[in-house]
**Student:** 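The structure is given below, and queries will be raised subsequently.
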Amino acid sequence: MSSRRLTRRKFLSASAGAAIALPAVIGPARAEDTDVVIIGAGAAGLGAARELQRLNKRFVIIEARQRSGGRLYTNIALGQPFDAGAAYIHFAATNPWSQIAADLGVDPLGGYRLWSGSIAFRNGVALDAEAMARRWESMRRVSDAYDEVEERADISLAQALRAEGQEVRDAGRIQAQMAAGEDPEWVSTADWQRLEGGQNRLVPGGYGALAVKLAEPLGVRHGVLATAIDWSGQLVAVTTDKGVIRARKVIVTVPIGVLKAGHIKLTPALPLEAARALDGLKMGALSKIGLRFSGERFGFQPHQFLAEIGEPSRAMTFEAWPFDGELVVATFGGDYARGLARQGEAAAVNHALERFIGIAGGDARKGFKGGVLAGWSEDPFSLGGYAVALPGRMRAREALARPLGDRLWFAGEATAGNYAMTAGGAYIAGRDAAKQAAARLSTGSLR
């Protein structure tokens, strides 16, 4: 794997106040009479809204949740914040969230990941030096094997490793679960290989909190659930649980899990090319559990990563004490994550606690104060973590991004090409869709 691509994926797998200066909101004359309606106030929706605002176009942005940010979510249920969704500003040098953070008075430079090292465990026993060396070599071989796959083959990550030894295949499985949130049989190697690299930065106070702050001047209408889009006429009609909004254009930024589940009815139905594109994408299930402890730190340092890899199909990592707080954040993906989320929060938290106790020892139980689950596969407004391209379907992202009838756009991390599976990519995709929609707006009244 080239160094350009290596930083982001290797980084992910190795873990196996001030108001922004914005113009006044250009709001609609009435809720049913506007230029563009944006469905979803996650990273893509916010990117679209800010671009339309910059271009002095009228818009309405609606969000089913009672908060902005979508899968950018800083959870404070445990009394200390942790990013239950996206946590890192990837490709930070060019990622728009880096500038957004600076404009909002947040210094992501202060949030460089402060590596305190990592420890891998098999069934609670730390790997010795020889075993760790073999693990790192296996991970290097995983990257090499992916580099050797010809793009036109576009096979799965699992297929790319089929000739390798068991340790290498296990390393590839854990990497896919932690970086893509999906089991390797379902991930296109060609799509994986094109993902953008670069520096990764943390956001002090939370990435999700940054998104909420960015949304404040945009007039997001929370608690408005879109159920249908009729794009058969000159105008688009968006049916919501609060009424119908008419617009010249619509930008749909909900996760593809919601689209694939048919929670928003489209009239007419998707054309064949767009339907095939949607079918070529799948929601991974990268999920997190926050655990809070008091007192003892069990010998672990802030930002130290602990990986329990004894069962590769059920790998779980723990980030100890992010930002020197009292939390340990467990991360896991694939079918393992889906199964845990289906059990509900209490069972999932207890499961993660027991696995952490297996690493940290029995004192961890005595210091445990509570936990919270972010099981994205069971979240009705996302139905997954982020979108992977299925084997043989790496072109699905670009196909889904193409406008329909010059009236309807899909935008989000799923359509972000080389920047896919990131909040930065989602923001760029939403911004670009807004530019296209604005360029196609005609003058005059809607009537």
Side-chain angles (χ1 to χ4, degrees), residues 1 5 8-10 12-16 135 138-195 255-257 259-261 275-288 307-317 331-342 375-378 382-397 399-400 413-414 417 420-422:
M1 185 180 290
R5 294 191 303 261
R8 177 178 163 204
R9 287 299 158 213
K10 182 176 180 181
L12 287 167
S13 62
S15 66
R135 180 169 182 257
S138 293
M139 292 170 67
R140 185 198 62 77
R141 180 55 201 154
V142 167
S143 294
D144 288 347
Y146 295 161
D147 276 342
E148 293 165 7
V149 174
E150 295 184 8
E151 181 177 319
R152 63 178 178 272
D154 195 9
I155 59 177
S156 73
L157 297 181
Q159 286 177 296
L161 300 177
R162 64 189 181 279
E164 303 294 333
Q166 189 62 51
E167 280 193 294
V168 175
R169 296 199 303 273
D170 288 347
R173 180 167 299 281
I174 294 168
Q175 183 187 65
Q177 289 176 341
M178 296 301 170
E182 190 51 87
D183 295 298
E185 291 81 4
W186 299 102
V187 183
S188 158
T189 302
D191 187 66
W192 172 281
Q193 288 294 83
R194 69 174 176 166
L195 296 177
I256 64 154
L259 298 176
K260 289 171 75 72
R276 282 181 52 82
L278 187 60
D279 188 57
L281 300 170
K282 182 179 190 290
M283 287 297 278
L286 192 71
S287 297
K288 297 180 182 180
E308 175 51 80
I309 62 171
E311 298 177 68
S313 63
R314 300 170 71 248
M316 182 175 281
T317 67
T331 302
F332 44 98
D335 283 342
Y336 177 42
R338 295 184 185 94
L340 272 184
R342 283 193 295 267
W376 293 102
S377 58
E378 292 295 301
S382 61
L383 298 177
Y386 37 66
V388 300
L390 294 170
R393 308 298 295 275
M394 73 167 293
R395 302 302 177 192
R397 300 189 189 276
L400 189 62
E413 53 82 16
M421 300 161 58
T422 70

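This one's a predicted model, so the numbers in the text were calculated from it and none came from an experiment. Worth knowing before you read on, the calculation uses all heavy atoms, side chains too, and leaves out hydrogens, waters and symmetry mates.
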**Student:** So, using side-chain hydrogen bond (donor to acceptor under 3.5 Å, both in side chains) as the criterion, who are the partners of Glu148 when residues are at least two apart?
**Tutor:** Arg141
**Student:** Could you work out, with side-chain hydrogen bond (donor to acceptor under 3.5 Å, both in side chains) as the rule, every residue matching Thr331, not counting sequence neighbours?
**Tutor:** none
**Student:** Just so I know, are the side chains of Met316 and Tyr336 near enough to count as touching, which here means a heavy-atom distance under 4.5 Å?
**Tutor:** yes
**Student:** Grab the two heavy atoms, one from Tyr146 and one from Leu161, that are nearest each other, plus how far apart they are.
**Tutor:** OH-CD1, 3.6 Å
**Student:** For Arg169 and Gln166, which I'm curious about, is there any donor-acceptor pair between the side chains at under 3.5 Å?
**Tutor:** yes
**Student:** Where is the tightest heavy-atom contact between Leu340 and Phe332, given as atom of each residue plus distance?
**Tutor:** CD1-CE1, 3.8 Å
**Student:** With rounding to the nearest 0.5 Å, note down the distance linking CE in Met394 to CZ in Arg194.
**Tutor:** 4.0 Å
**Student:** Using a 3.5 Å distance criterion without hydrogens, assess whether the side chain of Ser382 forms a donor-acceptor pair with backbone atoms of Trp376.
**Tutor:** yes
**Student:** Of the options Thr317, Asp170, Ile174, which is the one that meets Ile309 in a side chain to side chain contact (heavy atoms under 4.5 Å, CB included)?
**Tutor:** Ile174
**Student:** Please report the interatomic distance CD(Glu182) to OG(Ser156), rounded to the nearest 0.5 Å.
**Tutor:** 11.5 Å
**Student:** Return the CE to CG distance between Met421 and Asp191, rounded to the nearest 0.5 Å.
**Tutor:** 7.5 Å
**Student:** Could you pull out all residues at least two apart from Arg314 that satisfy salt bridge (charged side-chain N to carboxylate O under 4.0 Å, His left out)?
**Tutor:** Glu311
**Student:** Is there a donor-acceptor pair closer than 3.5 Å between any side-chain N or O of Lys260 and the backbone N or O of Leu278?
**Tutor:** yes
**Student:** So which heavy atom on Ala171 is nearest to which on Val142, and how close?
**Tutor:** CB-CG2, 4.1 Å
**Student:** Rounded to the nearest 0.5 Å, what's the gap from CZ on Arg393 to CZ on Arg276? Could you check?
**Tutor:** 5.0 Å
**Student:** So, do Met283 and Leu383 sit near enough that their side-chain heavy atoms are less than 4.5 Å apart?
**Tutor:** no
**Student:** Using the side-chain hydrogen bond (donor to acceptor under 3.5 Å, both in side chains) criterion, which residues pair with Glu378? Sequence neighbours excluded.
**Tutor:** none
**Student:** Nearest 0.5 Å please: distance from the CG atom of Asp279 over to the CD1 atom of Ile256.
**Tutor:** 10.0 Å
**Student:** In chain order, what residues pass the salt bridge (charged side-chain N to carboxylate O under 4.0 Å, His left out) check against Arg173, with sequence neighbours excluded?
**Tutor:** Asp183, Glu185
**Student:** What residues, two or more places apart in sequence or in another chain, satisfy side-chain hydrogen bond (donor to acceptor under 3.5 Å, both in side chains) together with Asp335?
**Tutor:** Arg338
**Student:** Ala396 and Ala277: which non-hydrogen atoms are nearest, and at how many Å?
**Tutor:** CB-O, 3.4 Å
**Student:** Give me the atom names and distance for the closest heavy-atom approach of Arg397 to Leu281.
**Tutor:** CG-CD2, 4.0 Å
**Student:** Is Thr189 reaching over with its side chain to a backbone N or O of Ile155, donor-acceptor style, under 3.5 angstrom?
**Tutor:** yes
**Student:** Nearest 0.5 Å, please: how far is CD in Gln175 from CG in Leu157?
**Tutor:** 8.0 Å
**Student:** How close do Ala180 and Trp192 get, heavy atom to heavy atom, and via which atoms?
**Tutor:** CB-CZ3, 3.9 Å
